[in-house]
Student: 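Got a structure for you, written out below as structure tokens; questions coming shortly.
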Amino acid sequence: MSAVSDRLPTFPWDKLTPYKATAAAHPDGIVDLSVGTPVDPVPELVQKALVAAADSPGYPTVWGTPELRDAITGWVERRLGARDVTHRHVLPVVGSKELVAWLPTQLGLGPGDRVAYPRLAYPTYEVGARLARAAYEVYDDPTELDPEGLKLLWLNSPSNPTGRVLPKEELTRIVAWAREHGILLFSDECYLELGWEADPVSVLHPDVNGGSYEGIVAVHSLSKRSNLAGYRAAFLAGDPAVLSPLLEIRKHGGMMTPAPTQAAVIAALGDDEHVRVQRERYAARRTLLREALLAHGFRIDHSEASLYLWATRGESCWDTVSHLAERGILVAPGDFYGPAGAQFVRVALTATDERVAAAVRRL
């Protein structure tokens with residue numbers, strides 16, 4: 001056990017514990033803008049679908065019901081502009097984090113193989129490489145990487161933590177480069193429906209991939225767009241030659257999305273109205289927090305999409321965390337996402353309107 005755990009970094013969120021205690025001591029209570037966990041209600045139609053499927057005594061299948069696969073393929077074509085998507089092109093997963101953490105292992109990567117991800121990135125990309133004992137490295141432009149031994153390339157647009165969106169032309173160039181060198185490309189697009197000052201594009205769009213899914217897979221989640229973080233509901237879409245062996249591996253591992261969750265996903269993917277309503281909530285909170293942070297002396301970089309504001313006061317991120325904690329506001333230090341974030345903090349939009357208003361008053 002220790003041999004595996006010793007491969008991993010210290011769990012970053014544990015470092016926030018004393019700052020959380022400081023923020024919680026504020027007379028008006030804590031405003032937690034750190035983790036980015038949804039706080040708004042699960043849409044009623046999704047709750048009803050879950051309840052209706054509650055009597056599910058049998059084992060679900062890893063591939064999901066045909067109705068679930070229909071819902072995923074339909075959404076991928078309708079929302080992402082993908083074409084000719086069949087059941088072979090999709091695979092449900094038990095939330096996107098487990099997929100990210102275990103993908104290198106499930107792909108059979110190990111010592112001598114390399115995994116690459118953005119210089120500022122979700123820490124679990126690194127964790128996945130470490131679990132597989134593969135080498136890992138960061139990039140600013142992936143096409144400048146040495147392709148030798150590079151087996152897995154992660155893209156993340158819109159970015160967590162920065163909210164940066166990769167333009168269609170850049171995605172097209174990267175996909176072409178990865179194919180030229182035989183590098184498997186996974187694109188984490190979990191925030192794609194939360195574009196504010198940009199319109200994010202999927203690698204599944206034919207303008208990006210030329211009408212072929214060869215060597216590319218997109219990762220999507222319902223955690224943020226439908227408030228289903230507690231349901232652990234996500235899916236992959238892309239190259240069947242990649243997804244088919246992953247399906248077989250996940251069958252052996254029993255990585256099954258619970259049957260009631262599958263029913264909830266079908267309802268969520270079939271309805272766009274609740275997504276529109278939730279977007280409006282986040283847009284309003286984003287405007288208030290952005291203006292308050294700017295007035296307080298922050299600079300905000302990127303942040304044209306996703307659920308975060310990437311903000312700096314030109315000082316150590318931990319000094320900023322402390323400064324805000326004294327005002328009862330908890331944020332995530334930028335160095336959680338790589339050394340390049342050492343002077344930034346990530347400010348989540350995932351707090352109630354009342355708590356956001358409290359943060360604005362304090363700022």
Student: Under a 3.5 Å distance rule, please check whether Asn209 uses its side chain to pair with a backbone N or O of Ser212 as donor and acceptor.
Tutor: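 Checking the backbone N and O of Ser212 against the side chain of Asn209, a donor-acceptor pair under 3.5 Å is found.
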Student: Examine distances only and state if a side-chain atom of Arg83 and a backbone atom of Gly211 form a donor-acceptor pair shorter than 3.5 Å.
Tutor: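 Answer holds: no.
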Student: Answer yes if the side chains of Ser202 and Glu189 hold a donor-acceptor pair under 3.5 Å, and no otherwise.
Tutor: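 Present: a donor and an acceptor within the cut-off.
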Student: For the ring pair Trp318 and Tyr19, is the centre-to-centre distance below 6.0 Å?
Tutor: yes
Student: Charged N to carboxylate O below 4.0 Å: is that the case for Arg355 and Asp28?
Tutor: yes
Student: Under the side-chain contact (heavy atoms from CB on, under 4.5 Å) criterion, do Asp84 and Tyr213 qualify, and how do the steps go?
Tutor: CA-CA 10 Å; Asp84 302 318; Tyr213 302 115; 5.5 Å; no
Student: Give a yes or no on whether a salt bridge exists between Arg79 and Asp272, defined as a side-chain N under 4.0 angstrom from a carboxylate O.
Tutor: no
Student: Which heavy atom in Gly334 sits nearest to a heavy atom in Cys317, and how many Å separate them?
Tutor: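 Gly334 and Cys317 have their closest heavy atoms at N-CB, 3.7 Å.
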Student: Hey, are Asp70 and His87 close enough side-chain-wise for a donor-acceptor pair under 3.5 Å?
Tutor: yes
Student: Determine, step by step, whether Phe186 and Leu152 satisfy the side-chain contact (heavy atoms from CB on, under 4.5 Å) criterion, reporting the C-alpha distance in whole Å, the side-chain angles of both residues, the deciding distance to 0.1 Å, and the verdict.
Tutor: CA-CA 7 Å; Phe186 264 68; Leu152 175 60; 3.8 Å; yes
Student: Run the salt-bridge test on Glu273 and Arg279 with the 4.0 Å N-O cut-off and return the result as yes or no.
Tutor: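 Answer for the salt bridge query: no.
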Student: Any ion pair linking Arg173 and Glu169 (charged N to carboxylate O, less than 4.0 Å)?
Tutor: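 Result for this pair is no, no salt bridge flagged.
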Student: I'd like to know whether Thr320 forms a side chain to side chain donor-acceptor pair (under 3.5 Å) with His323, so could you lay out the CA-CA distance, the side-chain angles of the two residues, the decisive distance to 0.1 Å, and finally the verdict.
Tutor: CA-CA 5 Å; Thr320 306; His323 172 82; over 6 Å; no
Student: Listing request: all salt bridge (Lys or Arg N to Asp or Glu O under 4.0 Å) pairs with a residue in residues 102-117, at least two apart in sequence or in separate chains.
Tutor: Asp113-Lys151, Arg114-Glu137
Student: I'd like to know whether Arg313 forms a salt bridge (Lys or Arg N to Asp or Glu O under 4.0 Å) with Asp319, so could you lay out the CA-CA distance, the side-chain angles of the two residues, the decisive distance to 0.1 Å, and finally the verdict.
Tutor: CA-CA 9 Å; Arg313 300 203 315 162; Asp319 289 343; over 6 Å; no
Student: Between Trp310 and Phe344, how do the two ring planes meet: parallel, tilted or perpendicular, split at 30° and 60°?
Tutor: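 Ring orientation, 0 to 90° scale: parallel.
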Student: Between Pro200 and Ala305, what is the shortest heavy-atom contact and its length?
Tutor: CG-CB, 4.4 Å
Student: So, are Arg119 and Asp141 salt-bridged, with charged N and O less than 4.0 Å apart?
Tutor: no
Student: Charged N to carboxylate O below 4.0 Å: is that the case for Arg281 and Asp353?
Tutor: no
Student: As a quick check of understanding, evaluate side chain to side chain donor-acceptor pair (under 3.5 Å) for His274 and Ser226, giving each step before the final call.
Tutor: CA-CA 7 Å; His274 78 275; Ser226 297; 2.8 Å; yes
Student: Does Glu98 come within less than 4.0 Å of Arg250, counting only side-chain N to carboxylate O?
Tutor: yes
Student: Please lay out, stage by stage, how Trp75 and Phe235 fare under the test ring-ring contact (aromatic ring centres under 6.0 Å, His included).
Tutor: CA-CA 11 Å; Trp75 182 86; Phe235 60 87; 5.7 Å; yes
Student: Begin with the C-alpha distance, continue with both residues' side-chain angles, and end with the deciding distance and a verdict on side-chain contact (heavy atoms from CB on, under 4.5 Å) for Leu68 and Ile72.
Tutor: CA-CA 6 Å; Leu68 174 60; Ile72 295 172; 4.1 Å; yes
Student: Is Phe336 reachable from Tyr125 through a run of I, L, V, M, F, W or Y residues, each pair having side-chain heavy atoms under 4.5 Å apart?
Tutor: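 Unlinked, Tyr125 and Phe336 end up in two clusters.
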Student: Any ion pair linking Arg285 and Glu280 (charged N to carboxylate O, less than 4.0 Å)?
Tutor: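 No, no charged N to carboxylate O under 4.0 Å.
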Student: Near Asp14 CG, under 6.0 Å, is it more than 12 heavy atoms from other residues, nucleotides or ligands?
Tutor: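 Atom CG in Asp14 is crowded, with more than 12 foreign heavy atoms closer than 6.0 Å.
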Student: Is atom CH2 of Trp63 surrounded by more than 12 heavy atoms (other residues, nucleotides or ligands) closer than 6.0 Å?
Tutor: yes
Student: side-chain contact (heavy atoms from CB on, under 4.5 Å) between Val165 and Ser157: does it pass, once the steps are laid out?
Tutor: CA-CA 5 Å; Val165 173; Ser157 175; 3.9 Å; yes
Student: Take Arg346 and Asn160 through the side chain to side chain donor-acceptor pair (under 3.5 Å) test and state the conclusion after the steps.
Tutor: CA-CA 9 Å; Arg346 193 194 73 170; Asn160 173 17; 2.9 Å; yes
Student: Tell me if the centroids of the rings in Tyr122 and Tyr117 come within less than 6.0 Å of each other.
Tutor: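 No, too far apart.
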Student: Who pairs with Glu148 by side-chain hydrogen bond (donor to acceptor under 3.5 Å, both in side chains), at least two apart in sequence or on another chain?
Tutor: none
Student: Write down the atom of Val201, the atom of Val208, and the distance for their closest heavy-atom approach.
Tutor: CG1-CG2, 3.9 Å
Student: Restricting to non-hydrogen atoms, name the atom on Ile30 and the atom on Ala24 that form the minimum distance, rounded to 0.1 Å.
Tutor: CB-CA, 3.9 Å
Student: Report the C-alpha distance between Arg164 and Glu170 in whole Å, list the side-chain angles of each, state the deciding distance to 0.1 Å, and finish with yes or no for salt bridge (Lys or Arg N to Asp or Glu O under 4.0 Å).
Tutor: CA-CA 12 Å; Arg164 182 188 174 210; Glu170 189 168 350; 3.4 Å; yes
Student: Does a sphere of radius 6.0 Å around CD in Gln47 hold more than 12 heavy atoms from other residues, nucleotides or ligands, not counting ones at 6.0 Å or beyond?
Tutor: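 For Gln47, atom CD is crowded (more than 12 foreign heavy atoms under 6.0 Å).
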Student: Of all the heavy-atom pairs spanning Ala54 and Pro260, show the shortest one and how long it is.
Tutor: CA-CG, 4.4 Å
Student: Which heavy atom of Gln262 sits nearest a heavy atom of Thr257, and at what distance?
Tutor: NE2-O, 2.9 Å
